[in-house]
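Report on the structure given below.
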Amino acid sequence: MALRVYNTLSGEKEIFEPLVPGKAGMYVCGVTVYDHCHIGHARAYISFDIIYRYLKYAGYDVTYVRNYTDIDDKIIRRANQEGSDYRAIADRYIRTFDEDMARLGLEKPTLEPKATDHIAGIIAIIGTLIAKGHAYESDGDVYYAVETFPEYLRLSKRNLEDMLAGARVDVGEKKRNPMDFALWKGSKPGEPWWESPWGHGRPGWHIECSAMSMRFLGQTFDIHGGGKDLIFPHHENEIAQSEAANGCQFVRYWLHNGFVNINSEKMSKSLGNFFTIREVLERFDPETLRFFILSAHYRSPIDFCDQNLNEAQAGLERIYACLAAIDEALGKSVAPTGPSDSSGQAGQDLRDKAEHLIPRFREAMDDDFNSAQALGVVFEMVRAVNRFLAEIDQVDAPAQALLTRVRGLFAEIGGVLGLFGRAPRAWLDAIKSAGADRMDISPEEIERLIAERNEVRKARDFRRSDEIRDLLLAKGIQLLDSPQGTTWKVK
RNA sequence: GGCGGCGUAGCCAAGUGGUAAGGCAGAGGUCUGCAAAACCUUUAUUCAGCGGUUCAAAUCCGCUCGCCGCCUCCA
């Protein structure tokens with residue numbers, strides 16, 4: 001089964017055929033570092049994290065470049081507000097970005113270049129564009145002349161006439177055409193600047209991605225990704241710059257992830273309904289957030305709300321509970337093979353499911369990285385395991401071998417999705433005790449009541465026993481009775 | 001106004017021509033003093049509506065209705 005990816009440029013799923021067989025070059029637009037990251041960033045970078053992981057899993061030698069845009073108007077504005085240097089702002093938010101991504105379990109890209117380390121490359125491209133007649137200098141700025149590039153707006157499937165008719169573009173008198181965009185901006189007093197043939201200035205937005213991708217992946221490379229919102233103008237402008245300068249195709253496959261909505265509304269700063277990754281992680285486990293994001297296809301819109309996150313957590317708990325049960329069964333000493341062993345119906349079914357798990361997982365992921373379908377396959381496996389564990393009453397050697405194999409398959413898939421990597425029991429315990437600091441009853445008091453309840457239960461005083469149970473439940477404490485004793489969790 | 005997307009069970013969500021994955025919630029069962037938790041089983045003759053193409057459509061085409069995104073900084 002061949003890998004198929006949805007290419008924004010063609011509007012269709014295409015067979016993925018890399019430029020160099022066995023290798024894949026991938027560039028994803030990173031953050032402009034002027035503020036904390038929000039869950040939209042989380043969605044984007046988790047999506048491309050599993051694309052990166054899956055490409056490697058599928059056998060490609062992947063070079064993954066994800067940049068930091070560390071010079072930009074917004075960074076400068078923020079620095080002015082705080083009375084600090086733009087570098088201090090950039091460094092701070094690069095650090096918080098790295099922390100957030102690490103908490104979400106993202107793998108480090110092969111390279112994470114910064115725009116300010118590539119000013120020379122940027123200037124070189126601009127020079128080429130001017131020489132080829134695609135750009136012009138205007139009072140210290142340099143603009144790209146969009147009319148010189150016939151392919152302009154092919155990615156976003158628009159046309160210049162309609163865009164101009166909309167007339168919501170900034171008509172700067174320095175531009176020849178209102179749609180022209182800045183490659184280089186002359187610096188005003190007090191602003192950071194670099195030396196250039198056009199005087200002191202800084203790069204415009206867009207050009208840094210052309211420079212860095214070209215530097216590390218070549219003039220033509222395989223995959224370029226980012227959020228849907230970057231299609232226009234950012235990626236459109238990258239294509240115009242790169243292809244006009246190099247005279248060859250820039251990117252073969254354009255991949256774009258869908259948006260995050262908040263309670264069914266578009267997330268935006270003006271509505272005030274955005275959450276930073278930090279805020280979300282105060283309330284939800286990072287793996288739960290990751291699981292939630294992977295439970296929908298990366299191109300679909302996804303609705304962030306408490307109910308959906310809670311459902312995601314319930315689903316992930318189901319999987320971890322299954323893994324914990326497997327680990328527990330494997331921890332037991334092996335019983336001699338007897339008549340009621342792993343050869344029953346559930347055993348046959350589990351063997352069958354195990355046989356087909358990886359092919360089905362790959363089939364899902366080969367279809368444009370369909371992680372939602374992949375998780376469906378995982379859940380079917382969970383059910384087969386639970387049924388098997390319920391059927392056998394002791395773990396004999398064949399059962400142990402089967403469970404060991406299944407456990408390995410979960411780990412293999414988890415490795416690609418960046419899930420299921422924690423110790424199951426510990427993860428479940430952590431989820432259970434989350435929120436314990438918000439209780440208005442101490443753990444000691446709970447334990448004392450549980451002890452009392454156990455006493456009265458022995459005496460078969462169920463009235464008092466149930467009274468204690470209800471009392472704790474009213475305080476949000478759920479008692480969990482089992483043959484091994486009574487534990488509790490915060491409801 | 002231009003361009004693009006979406007509408008699948010109570011909710012979330014896969015499924016791009018071959019007869020509806022999965023999760024949550026619900027119901028039944030096992031367990032339990034009774035429960036809870038956990039586990040098992042079960043839940044859409046049907047895919048917004050109406051036409052059309054086809055042996056066959058949720059899947060392709062047309063129209064209608066509803067929702068959303070982009071066109072301005074944005075993942």
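Within every chain, numbering begins at 1; the chains are lettered A, B, ... in the order of the sequence lines, protein sequences first and strands thereafter.
A:Tyr45 meets the ring pair (Phe, Tyr, Trp, His ring centres under 6.0 Å) test with A:Phe97; sequence neighbours excluded. A:Lys266 is linked by a salt bridge (charged side-chain N to carboxylate O under 4.0 Å, His left out) to nothing, counting only residues two or more places apart in sequence or in another chain.
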Listing time: all N or O pairs from protein to nucleotides 7-13 of chain B that are below 3.5 Å?
unit_1	atom_1	unit_2	atom_2	d
B:rC11	O2'	A:Gln307	NE2	3.4

Please tabulate, one pair per line, each protein N/O and nucleotide N/O from nucleotides 41-44 of chain B that are separated by under 3.5 Å, including the distance.
unit_1	atom_1	unit_2	atom_2	d
B:rU41	OP1	A:Arg387	NE	2.9
B:rU41	OP1	A:Arg387	NH2	3.0

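Counting distance only, with no hydrogens placed and no angle test, the side-chain atoms of A:Asp229 and the base atoms of B:rG69 include no donor-acceptor pair under 3.5 Å. Between the base of B:rA36 and the side chain of A:Arg469 there is no donor-acceptor pair shorter than 3.5 Å. For B:rG33, the base has a donor-acceptor partner in the side chain of A:Ser465 [N/O atoms by modelled type, under 3.5 angstrom].
Considering all non-hydrogen atoms of both residues, A:Val146 and A:Met179 come closest at CG1-O, 3.5 Å.
Consecutive pairing runs in RNA chain B reach the stem threshold at B:1-7 with B:65-71, B:10-12 with B:22-24, B:26-30 with B:38-42, B:48-52 with B:60-64, where a stem means at least three Watson-Crick or G-U wobble pairs with distances under 3.5 Å.
The residue A:Lys489 sits apart from the nucleic acid: no heavy atom pair falls under 4.0 Å. Residue A:Asp481 is classed as a base contact, given a heavy-atom separation below 4.0 Å to a base.
For A:Arg318, counting side-chain heavy atoms from C-beta on, the closest listed nucleotide (B:rA75, B:rC39, B:rC34) is B:rC39.
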Distance-only criterion, 3.5 Å: show the donor-acceptor pairs between side-chain atoms of residues 318-325 of chain A and protein atoms not counting sequence neighbours.
unit_1	atom_1	unit_2	atom_2	d
A:Tyr320	OH	A:Glu287	OE1	3.0
A:Tyr320	OH	A:Glu287	OE2	2.9
A:Tyr320	OH	A:Gly421	N	3.3
A:Tyr320	OH	A:Arg422	N	3.1

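Spacing of C1' atoms, B:rU42 relative to B:rA35, comes out at 22 Å, to the nearest Å.
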